[in-house]
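Taking it in order: structure first as structure tokens, then the write-up.
Along the sequence shown, the residues carry numbers beginning at 1.
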Amino acid sequence: MKHDPSVRALLLAMPDVFPWVRHLSTEEVRSFTVELVDALSDIWHAGTALRSRVSGLSDDSNRSATTVRLCHSHH
């Protein structure tokens, strides 16, 4: 985390985004930042998994629609 430029940028932006962090110690700000990054990462991964499942469902419904059209065209 110390060497990740995006996390360092987040640490610098923290007082502008969350003004109340000015009242925290350096360690508390770091701890909050770690928790925030972890939570955002979890959200991103959950969103990615959800998009993948929705895409899979969409593919299944497209296959089902194609199957129905093919079945109807043969009758």
Side-chain angles (χ1 to χ4, degrees):
M1 184 171 132
K2 288 181 181 178
H3 303 290
D4 186 333
S6 58
V7 174
R8 288 183 8 179
L10 181 60
L11 280 170
L12 292 173
M14 202 63 84
D16 292 329
V17 178
F18 302 104
W20 49 266
V21 300
R22 291 182 181 101
H23 304 286
L24 302 177
S25 70
T26 301
E27 184 53 40
E28 290 170 322
V29 172
R30 287 179 196 273
S31 179
F32 174 70
T33 303
V34 168
E35 289 182 33
L36 179 62
V37 169
D38 286 346
L40 292 173
S41 177
D42 290 347
I43 291 168
W44 184 84
H45 288 295
T48 299
L50 181 61
R51 282 189 298 277
S52 176
R53 292 206 51 182
V54 168
S55 176
L57 291 174
S58 177
D59 291 345
D60 288 345
S61 67
N62 288 338
R63 277 186 286 239
S64 296
T66 301
T67 303
V68 167
R69 281 193 299 273
L70 289 172
C71 288
H72 285 294
S73 68
H74 286 99
H75 291 293

| remark: Separation between OG (Ser31) and CG (Leu36), nearest 0.5 Å, reads 11.0 Å

| said: Could you measure the distance from the CZ atom of Phe32 to the CG atom of Leu10? Nearest 0.5 Å is fine. | reply: 8.5 Å

| query | About how many Å separate CG of Asp38 and CD1 of Ile43, when rounded to the nearest 0.5 Å? | reply | 11.0 Å

| query | Quick one: does Ser41's side chain have a donor or acceptor within less than 3.5 Å of a partner on Val37's backbone? | reply | no

| field | Pairwise distance CE(Met14) to CG(Leu12) - rounded to 0.5 angstrom | value | 10.0 Å

| request: Tell me, please, which residues at least two apart from Glu27 pass side chain to side chain contact (heavy atoms under 4.5 Å, CB included). | output: Ser25, Arg30

| Pairing residues for Trp44 by the ring pair (Phe, Tyr, Trp, His ring centres under 6.0 Å) criterion, not counting sequence neighbours | none

